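Lettering of chains follows the sequences in order, A, B, ..., and the numbering in each one begins at 1. What you see is a predicted model; the values in this text were computed from it and never measured. Computed from heavy atoms alone, side chains included, the values below leave out hydrogens, waters and symmetry copies.
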Protein chains: 2
Amino acid sequence: MQMQMRFDGRLGFPGGFIDPKDGSLEEGLNRELTEELGPGATAAYVTENDYISSWVMENPQKIEGHFYAKQMSLEDLEHLEEGALHAKDHGLEVMGLVRVPLYTLRDGIGGLPAFLCNNFIGKAKEQLLEALGCLGLMPQNKLEEAVWASQK
Amino acid sequence: MQMQMRFDGRLGFPGGFIDPKDGSLEEGLNRELTEELGPGATAAYVTENDYISSWVMENPQKIEGHFYAKQMSLEDLEHLEEGALHAKDHGLEVMGLVRVPLYTLRDGIGGLPAFLCNNFIGKAKEQLLEALGCLGLMPQNKLEEAVWASQK
């Protein structure tokens, strides 16, 4: 699982606002992915099948968010990490990509619980947990334990 | 300014414990930099002149820490970001490199203040602030404002 350090100092997922010129949600998302992740984003090409969930925020302005997740091979992920350094937004909107630790260390806090104590934009933390559950990357009880440990 | 997401889900600087085989602090640090940052670490080769400060922790065990900072050109930094993806520790001890936002956005919190609200290992947050001041990367009053905003 991959997230990015944003220009604003918070962790989030690649994405952004839809342009009037974008033909669909997915088209807009794929445009944003190319801007933020560069040429390697082709392996992350998103379709309707990758849709996970939506949310609406009312304040300070009405924003509708749509969340997609795409499973990739380690090889494609490594390719994406390399390409991202040459993306238009690298060093501007994106300060770096980070892999999410999908484990808890023996001390019960290092790993995913400590990662969840970072600063996330908007719904990114909830979306991360949702995706880990949906994609079966971590069993639900391990996820709940990690959230619990992060709140202590 | 560059930091890394660690395997334990916290942000920190590259480094590690000195080996009995290391001839000096700097030799040990340069060995660790090569393990964590890969071939591009040659541009970050550290000498006594890059020393910034030390600290001692007594609990749970006595640990002595030494902090070094090295100024690099943007070109060397980009080279280092690329090389780091091929480092021995990439995907194991190091989950990714991130640039630190050295500014505060107009909302007064985005940028360095929000970055400081992430989860840092040990003294890494204090060391970040110390290095930004020592190297003159940000004026002292801007640093203090960012720390203040991050605590609200």
Side-chain angles (χ1 to χ4, degrees), chain A residues 1-12 38 40 60 74-75 77-87 89-122 124-125 128 146-147 149-151, chain B residues 1-12 38 40 60 74-75 77-87 89-122 124-125 128 146-147 149-151:
Chain A
M1 180 67 63
Q2 194 82 348
M3 294 188 81
Q4 60 191 24
M5 180 58 71
R6 297 155 40 99
F7 69 103
D8 65 3
R10 301 175 180 101
L11 290 167
L74 180 58
E75 202 186 335
L77 180 76
E78 288 168 347
H79 183 57
L80 184 133
E81 287 175 327
E82 294 214 28
L85 298 174
H86 305 284
D89 286 344
H90 178 62
L92 301 169
E93 282 199 43
V94 185
M95 307 303 265
L97 295 188
V98 300
R99 299 189 190 180
V100 179
L102 300 181
Y103 47 76
T104 300
L105 299 177
R106 268 189 295 177
D107 66 4
I109 176 82
L112 185 59
F115 185 82
L116 295 175
C117 296
N118 284 296
N119 193 4
F120 294 86
I121 185 74
K125 181 155 79 170
L128 167 63
V147 172
S150 75
Q151 286 166 347
Chain B
M1 180 66 63
Q2 195 82 347
M3 294 189 80
Q4 60 190 25
M5 180 58 72
R6 295 156 41 97
F7 69 102
D8 64 3
R10 302 175 180 101
L11 290 168
L74 179 58
E75 202 185 334
L77 181 76
E78 287 168 348
H79 183 57
L80 184 134
E81 286 176 328
E82 294 213 29
L85 298 174
H86 304 286
D89 287 344
H90 178 62
L92 300 168
E93 282 198 44
V94 185
M95 306 304 265
L97 295 188
V98 301
R99 300 188 191 182
V100 179
L102 300 182
Y103 47 77
T104 300
L105 300 176
R106 269 189 294 177
D107 65 4
I109 176 83
L112 184 58
F115 185 82
L116 295 174
C117 295
N118 283 298
N119 193 5
F120 294 86
I121 184 75
K125 181 154 79 171
L128 168 63
V147 172
S150 75
Q151 287 166 346

Inset, instruction - Please determine, among B/H90, B/R6, B/Q4, the option with the most heavy-atom pairs under 4.5 Å with chain A. - result: B/H90

Legend entry - Considering all heavy atoms, the nearest A/R99-B/G91 contact: NH1-CA, 3.7 Å

Inset, instruction - Please confirm whether the backbone N or O of A/C117 pairs with a side-chain atom of B/N119, one donor and one acceptor, at under 3.5 Å? - result: no

Inset, instruction - Check each atom of B/L105 against the heavy atoms of chain A and say whether the ones under 4.5 Å are side chain, backbone, both or neither. - result: side chain

Legend entry - Shortest non-hydrogen contact between A/N118 and B/M5, atoms and distance: ND2-CE, 3.8 Å

Inset, instruction - Rounded to the nearest 0.5 Å, what's the gap from CG on A/L97 to CE on B/M95? Could you check? - result: 12.5 Å

Inset, instruction - Would you mind checking which part of B/V100 comes under 4.5 Å of any heavy atom in chain A, side chain (CB onward), backbone (N, CA, C, O), both or neither? - result: backbone

Legend entry - Largest heavy-atom contact set with chain B, pairs under 4.5 Å, which of A/G9, A/G96, A/G110: A/G9

Inset, instruction - State, without any angle test, whether B/H86 and A/E78 hold a side-chain donor-acceptor pair at a distance under 3.5 Å. - result: no

Legend entry - Proximal component of B/Y103, with respect to chain A [non-hydrogen, under 4.5 Å]: side chain

Legend entry - Evaluation steps, side-chain contact (heavy atoms from CB on, under 4.5 Å), between A/L85 and B/L85: CA-CA 10 Å; A/L85 298 174; B/L85 298 174; 3.8 Å; yes

